[in-house]
Novice: 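Before I ask anything, let me first share the structure, which is written out below as structure tokens.
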Amino acid sequence: MIQIQFPDQSVRSFSKGITPIDIAKSISHGLAKKVLAAEIDGVLRDATIPLTQDCSLRLLTWDDENGKASFWHSSAHLMAEAIQAFYPQAKFTIGPPIENGFYYDVDFGDESFTADQIPAIEKKMMALAQQDNPFELYPMSKEEALAYYKERSNEYKIELIENLTDGEITFCRQGEFVDLCRGGHVPSTGYIKAIKLLNVAGAYWRGDEKNKQLTRIYGISFPQQKMLDEYLVMLEEAKKRDHRKLGQELGLFTFSQRVGKGLPLWLPKGADLRERLERFMRDAQKKAGYQQVVTPHIGSKSLYETSGHWDKYGKDSFQPIHTPEEDELFMLKPMNCPHHCEIFKAEPRSYKDLPLRLAEFGTVYRYEQSGELHGLTRVRGFTQDDAHIFCMASQVKEEFVKVIDLVLHVFKSLDFTDFTAQVSLRSKEDREKYIGSDENWDRAEREIQEAASERGLNTKVVYGEAAFYGPKLDFMVKDALGRSWQLGTIQVDYNLPERFELEYTGADNQKHRPVMIHRAPFGSMERFIAVLTEHCAGNFPVWLAPIQVAVLPISDKFNDYAKKVVELLKNNEIRTLFDDRSEKIGKKIRDSEVMKVPYMLIVGEKEEAQNQVAVRKHGSGDLGVMSTENMMSLVQNQIDEMLN
RNA sequence: GCCGGAGUAGCUCAGCUGGUAGAGCAGCUGAUUUGUAAUCAGCUGGUCGGGGGUUCGAGUCCCUUCUCCGGCUCCA
């Protein structure tokens with residue numbers, strides 16, 4: 001007999017060799033049907049493997065993250081089996097589950113895999129699923145495993161096996177397909193009822209550009225057809241929130257091939273929205289003790305030689321600009337910090353001046369790889385809500401906390417709740433590549449984490465993600481399609497003060513080197529607006545909406561009265577659209593609804609007679625009649641609520 | 001940059017196996033004077049992303065190039 005401990009801490013005895021699925025059956029048949037896999041002593045395993053010693057057991061269903069993982073991982077095996085049926089020469093590499101679905105990276109050799117093969121693969125997968133073949137996990141010695149893949153000249157699996165320990169290697173067989181696998185499968189292929197292969201992409205072996213590019217096939221699967229249908233509908237819905245689509249529909253921005261790719265053109269409504277956000281940030285920063293500066297869009301090449309950026313990024317940047325003067329070279333600025341360092345140096349600094357906080361909406365230009373460009377989230381010219389804080393090492397923590405507060409204030413004002421904070425620290429091993437003293441690093445790393453936890457941030461600590469010049473804290477947000485983007489960032493920098501030989505005079509009358517903190521709460525205006533647009537599906541909060549109120553006369557007869565209402569609103573700085581077209585009211589309402597205008601004021605005979613307006617709110621309908629003054633305070637209150 | 005997909009009117013899209021472009025919306029003009037998500041009619045609008053080729057003939061087939069989309073890699 002062995003003792004099994006369940007998640008509720010209860011312990012029961014079972015005979016040795018019982019499988020998790022049998023245990024599930026002993027509890028209830030309903031449960032047994034739902035069990036996909038199991039966590040044994042916290043490790044994801046197949047539910048069909050015999051238990052031979054005391055352990056803790058958690059039965060996993062679709063509702064568990066790891067349950068889904070086993071399901072999708074099994075689906076990857078199934079896809080590989082289907083692919084193998086069509087491409088016997090294909091070499092399989094890795095096929096993991098991901099957040100939504102799974103993929104498999106395959107080396108098709110000389111053959112190329114294209115998207116039009118997908119339906120055939122899907123069909124084959126369904127056929128294989130219906131065979132309900134069990135996933136059988138069995139051990140292999142390292143020698144046998146290597147021999148198996150040598151015979152099939154699969155250098156990828158060989159490389160994987162070489163890094164594994166003999167005795168811990170297992171293979172998995174389902175139907176005709178055998179794969180190196182540590183496990184975590186559903187009991188049999190029949191569990192998979194609905195499959196959709198989503199796209200084909202190139203992916204480098206082990207994520208390294210120098211390695212061979214493999215074909216990655218992404219898919220998703222479900223235990224019920226209905227769930228797949230719902231998922232696909234959800235994907236369609238998400239696409240409607242795409243900022244690129246909304247940006248066009250709402251007239252926020254555009255791109256022109258002639259201007260150049262990755263160079264957004266802000267249309268009046270988008271520019272207005274952007275300016276409003278800038279003003280909001282400027283005011284918040286003023287209160288937080290920042291001073292605004294302005295620097296040019298270019299800087300001499302030597303500036304970037306000093307900063308070290310030329311060496312590190314020069315060849316992948318926009319190339320230097322020449323002048324009529326020979327040997328005179330300027331760079332489009334890829335960041336604002338070198339300019340700000342020179343501002344720091346413009347006069348002698350005392351410890352009493354610190355922290356010195358220099359802010360600028362600085363437009364920078366980076367030559368991003370063409371395949372990377374993406375709407376407003378990845379562009380080649382963008383404006384950072386940048387600032388550099390020059391402070392003493394002893395002030396880093398306090399400044400960090402203040403920046404976090406600023407970011408949280410901004411996020412709250414925009415109703416941004418779904419974000420995570422990522423703390424990026426040095427890698428635990430390779431410490432050579434980092435600049436700055438261990439002492440400073442240790443302190444900054446500790447203080448960043450303290451600052452984050454003091455402000456109750458939901459943080460994820462990642463080792464090895466720190467920049468070479470300092471640790472950082474990034475705010476990550478997901479877009480409509482679940483892709484993660486970095487917005488706000490706070491970074492400690494020991495490098496630039498060194499390179500620019502920044503100094504201040506301390507209380508001891510000695511020269512000291514300040515620490516620099518780079519920070520940008522929005523990150524970039526472009527990316528922030530992109531994510532904001534998706535976040536609110538184009539329904540911007542009233543304080544940001546390019547048009548806040550549309551005045552819609554029932555007919556031309558009431559244009560004069562409507563015009564008075566419009567004037568009153570405009571005099572009170574409410575952004576107002578006057579729709580005086582000779583269209584029917586239904587059409588005017590529809591057009592304003594489509595443009596996501598927060599409030600519509602309908603005025604006709606009754607309203608004119610009573611000197612009132614009929615208010616309709618976007619998305620929710622008629623709010624009834626009121627005076628224009630009351631309407632304005634309604635709007636004003638809503639704005640105040642968001643901003644205070 | 002690499003792998004895969006796609007470019008037809010301002011927007012959304014149709015155009016079968018090659019026979020010299022079509023709809024709805026938008027725009028313009030006119031009529032209509034309207035009560036909470038599309039009034040009617042007429043008109044304008046496209047070297048079918050660019051270039052080259054095959055063909056009697058190319059939106060349709062081939063090559064090349066640009067741009068966009070999905071990923072990979074990178075991101076000071």
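Proteins get letters first, then strands, A, B, ... in listed order; numbering begins at 1 in each.
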Novice: Name the closest nucleotide to the A/Arg244 side chain, picking from B/U33, B/C74, B/G70.
Specialist: B/G70

Novice: Just to be sure I understand the rule, does A/Gly371 reach a base, reach only the sugar-phosphate, or reach nothing, if contact means heavy atoms closer than 4.0 Å?
Specialist: base

Novice: Considering only NZ, NE, NH1 and NH2 on the basic side and carboxylate oxygens on the acidic side, decide whether A/Glu605 and A/Lys557 come within less than 4.0 Å.
Specialist: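 Looking at A/Glu605 and A/Lys557, the cut-off is not met.
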
Novice: Ignoring the backbone of A/Gln491, work out which of B/C3, B/U34, B/A76 is nearest its side chain.
Specialist: B/A76

Novice: Using 30° and 60° as the class limits, which term best fits the ring planes of A/Phe113 and A/Phe108: parallel, tilted or perpendicular?
Specialist: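 Parallel.
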
Novice: Both distances under 3.5 Å, Watson-Crick or G-U wobble: report the partner of B/U20, or none.
Specialist: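 Matched B/U20 with nothing under the 3.5 Å cut-off.
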
Novice: Distance only, no hydrogens: is a donor on one side chain within 3.5 Å (strictly under) of an acceptor on the other, for A/Glu498 and A/Tyr469?
Specialist: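 No, A/Tyr469 and A/Glu498 have no side-chain donor paired with an acceptor closer than 3.5 Å.
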
Novice: Taking any heavy-atom pair under 4.0 Å as a contact, classify A/Gly207: base, sugar-phosphate, or nothing.
Specialist: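 Sugar-phosphate contact only - A/Gly207 comes under 4.0 Å of backbone atoms but never of a base.
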
Novice: Need one value for A/Glu607: base, sugar-phosphate or nothing, where a base atom within 4.0 Å counts as base even if backbone is also close, heavy atoms only.
Specialist: base

Novice: Using the C1' atom as the point on both nucleotides, what is the distance between B/U8 and B/A23, in whole Å?
Specialist: 13 Å

Novice: How many Å lie between CD on A/Glu605 and P on B/U34, as a whole number?
Specialist: 9 Å

Novice: Would you mind telling me which of B/U36, B/A76, B/G1 lies closest to the side-chain atoms of A/Tyr204?
Specialist: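 Out of B/U36, B/A76, B/G1, the nucleotide with an atom closest to A/Tyr204's side chain is B/G1.
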
Novice: Please determine whether a side-chain nitrogen or oxygen atom of A/Ser370 lies at a distance below 4.0 Å from atom OP1 or OP2 of B/G1.
Specialist: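 Answer yes for this pair, as a side-chain N or O of A/Ser370 is under 4.0 Å from OP1 or OP2.
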
Novice: With C1' as the reference atom in both, quote the distance from B/G57 to B/U39 in angstrom, rounded to an integer.
Specialist: 45 Å

Novice: Using a 4.0 Å heavy-atom cut-off across all strands, classify A/Ser582 as base, sugar-phosphate, or nothing.
Specialist: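 If one applies the 4.0 Å heavy-atom cut-off, A/Ser582 turns out to touch a base.
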
Novice: Could you tell me how far apart A/Asp242 (CG) and B/C68 (P) are, to the nearest whole angstrom?
Specialist: 14 Å

Novice: Scan every strand shown for a Watson-Crick or G-U wobble partner of B/C74, both distances under 3.5 Å, and answer none if you come up empty.
Specialist: none

Novice: Could you tell me how far B/C13 sits from B/G46 if I compare only their C1' atoms? Round to whole Å.
Specialist: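 14 Å, rounded to whole Å.
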
Novice: With a 4.0 Å limit, can you tell me whether A/His374 has a side-chain N or O closer than that to the phosphate oxygens OP1/OP2 of B/G70?
Specialist: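 So the side chain of A/His374 is within the cut-off, an N or O lying under 4.0 Å from OP1 or OP2 of B/G70.
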
Novice: A/Lys239 has an atom NZ; how far is it from atom C1' of B/A6, in whole Å?
Specialist: 13 Å

Novice: Describe the nucleic acid contact of A/Ile602 in one word from base, sugar-phosphate, nothing, applying a heavy-atom distance below 4.0 Å.
Specialist: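 Since a base atom lies under 4.0 Å of A/Ile602, the category is base.
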
Novice: Just the rounded figure in Å: distance from C1' of B/A76 to OH of A/Tyr494.
Specialist: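 That distance rounds to 18 Å.
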
Novice: Given B/A26, B/G71, B/G35, which nucleotide is nearest the side-chain atoms of A/Lys587?
Specialist: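 So the nucleotide nearest the side chain must be B/A26.
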
Novice: What is the pairing partner of B/C48, taking Watson-Crick or G-U wobble pairs with both distances under 3.5 Å in any strand?
Specialist: none

Novice: With RNA chain B as reference, determine whether A/Pro334 or A/Arg380 sits nearer its 5' end, using the nearest nucleotide of each.
Specialist: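 This one resolves to A/Arg380.
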
Novice: Look at the side chain of A/Glu583 and decide which nucleotide, out of B/A76, B/C3, B/U39, has an atom nearest to it.
Specialist: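 Output: B/U39.
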
Novice: Looking at the side chain of A/Tyr469, which of B/U34, B/C3, B/A76 is the nearest nucleotide?
Specialist: B/A76

Novice: Looking only at atom C1', what distance separates B/A6 and B/G49, rounded to whole Å?
Specialist: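 These two C1' atoms come out 11 Å apart once rounded.
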
Novice: Taking atom C1' in both B/G71 and B/U12, compute the distance separating them and give it to the nearest angstrom.
Specialist: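 The same atom, C1', in both gives a distance of 26 Å.
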
Novice: Please determine which of A/Lys239, A/Lys240, A/Arg244 meets the side-chain hydrogen bond (donor to acceptor under 3.5 Å, both in side chains) test together with A/Asp242.
Specialist: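 Checked A/Lys239, A/Lys240, A/Arg244 against A/Asp242; only one passes side-chain hydrogen bond (donor to acceptor under 3.5 Å, both in side chains): A/Arg244.
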
Novice: What's the CD1-P distance between A/Ile217 and B/G71, to the nearest Å?
Specialist: 16 Å

Novice: Is any side-chain heavy atom of A/Tyr304 closer than 4.5 Å to one of A/Pro334?
Specialist: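 A/Pro334 reaches A/Tyr304 side chain to side chain.
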
Novice: Test for a donor-acceptor pair under 3.5 Å between the base of B/C75 and the side chain of A/Arg378, counting only N and O atoms.
Specialist: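 For A/Arg378, whose side chain was compared with the base of B/C75, there is a donor-acceptor pair (under 3.5 Å).
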
Novice: Rounding to the closest angstrom, what is the interatomic distance between B/A21 and B/C48 at atom C1'?
Specialist: 8 Å

Novice: Below 4.0 angstrom from OP1 or OP2 of B/U67, is there any side-chain N or O of A/Lys261?
Specialist: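 The answer is yes; a side-chain N or O of A/Lys261 sits under 4.0 Å from OP1 or OP2.
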
Novice: Side chain of A/Ala614, heavy atoms from C-beta onward: which of B/C72, B/G1, B/G35 has the nearest atom to it?
Specialist: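 Nearest to the side chain of A/Ala614 among the choices is B/G35.
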
Novice: Which nucleotide, if any, forms a Watson-Crick or G-U wobble pair with B/A31, using both distances under 3.5 Å?
Specialist: B/U39

Novice: Think A/Lys557 has a side-chain N or O under 4.0 angstrom from the OP1 or OP2 of B/U34?
Specialist: yes

Novice: Starting at the 5' end of RNA chain B and moving along, which residue's nearest nucleotide shows up first, A/Tyr218 or A/Gln257?
Specialist: A/Gln257

Novice: Output yes if the stacking criterion (under 5.5 Å between centres, under 30° between planes) is met for A/Phe113 over the base of B/G4, else no.
Specialist: no

Novice: In Watson-Crick or G-U wobble terms, both distances under 3.5 Å, what is the partner of B/G59?
Specialist: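 Paired with no nucleotide.
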
Novice: Find the distance A/Arg581:CZ to B/G30:P and express it as a whole number of Å.
Specialist: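 The answer, rounded to whole Å, is 16 Å.
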
Novice: Checking all strands, does A/Lys606 fall into the base, sugar-phosphate, or nothing category for heavy-atom contacts under 4.0 angstrom?
Specialist: base

Novice: Could you work out the separation of B/U67 and B/G51 based on their C1' atoms and round it to a whole Å?
Specialist: 15 Å

Novice: Starting at CG of A/Leu273, measure out to CD1 of A/Ile547 and round the result to the nearest 0.5 Å.
Specialist: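 Answer for the CG-CD1 pair, A/Leu273 versus A/Ile547, is 12.0 Å.
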
Novice: Under 4.0 Å, counting only non-hydrogen atoms across every strand here, what does A/Ala203 touch: a base, just sugar-phosphate, or nothing?
Specialist: sugar-phosphate

Novice: What is the pairing partner of B/G4, taking Watson-Crick or G-U wobble pairs with both distances under 3.5 Å in any strand?
Specialist: B/C69

Novice: Once you round it to whole Å, what is the distance between P of B/A76 and NE2 of A/His518?
Specialist: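 Rounded to the whole Å, the gap is 10 Å.
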
Novice: Give the nucleotide from the list B/C72, B/G35, B/U36 with an atom nearest to the side chain of A/Arg216.
Specialist: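 From the listed options, B/C72 comes nearest.
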
Novice: Classify A/Glu249 by what it touches in the nucleic acid, base, sugar-phosphate, or nothing, heavy-atom distance under 4.0 Å.
Specialist: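 Here A/Glu249 touches no strand at all.
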
Novice: Checking all strands, does A/Asp556 fall into the base, sugar-phosphate, or nothing category for heavy-atom contacts under 4.0 angstrom?
Specialist: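 Base contact - A/Asp556 has a heavy atom under 4.0 Å of at least one base atom.
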
Novice: Taking only residues two or more places apart in sequence, or in another chain, which ones meet A/Tyr367 in a ring-ring contact (aromatic ring centres under 6.0 Å, His included)?
Specialist: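 A/Tyr367 satisfies ring-ring contact (aromatic ring centres under 6.0 Å, His included) with A/Phe318 only.
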
Novice: Rounded to whole angstroms, how far apart are CZ on A/Arg258 and P on B/G50?
Specialist: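 Rounded to the whole Å, the gap is 13 Å.
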
Novice: Can you tell if the side chain of A/Leu473 reaches within under 4.5 Å of the side chain of A/Phe400, non-hydrogen atoms only?
Specialist: yes

Novice: Can you tell me which nucleotide in B/U36, B/A38, B/U34 comes closest to the side chain of A/Ile554?
Specialist: B/U34

Novice: Looking at A/Asp208 and A/Arg206, is any side-chain nitrogen of the basic one under 4.0 Å from a carboxylate oxygen of the acidic one?
Specialist: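 Answer for the salt bridge query: no.
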
Novice: What interatomic distance, in whole Å, is found between P of B/G24 and the corresponding atom of B/U32?
Specialist: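 B/U32 and B/G24 have their P atoms separated by 24 Å.
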
Novice: Output the single nucleotide from B/A37, B/G4, B/U33 whose closest atom is nearest the side chain of A/Ile589.
Specialist: B/A37

Novice: Do the ring planes of A/Tyr104 and A/Phe92 sit parallel (below 30°), tilted (30 to 60°) or perpendicular (above 60°)?
Specialist: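 Perpendicular, since the angle between the ring planes exceeds 60°.
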
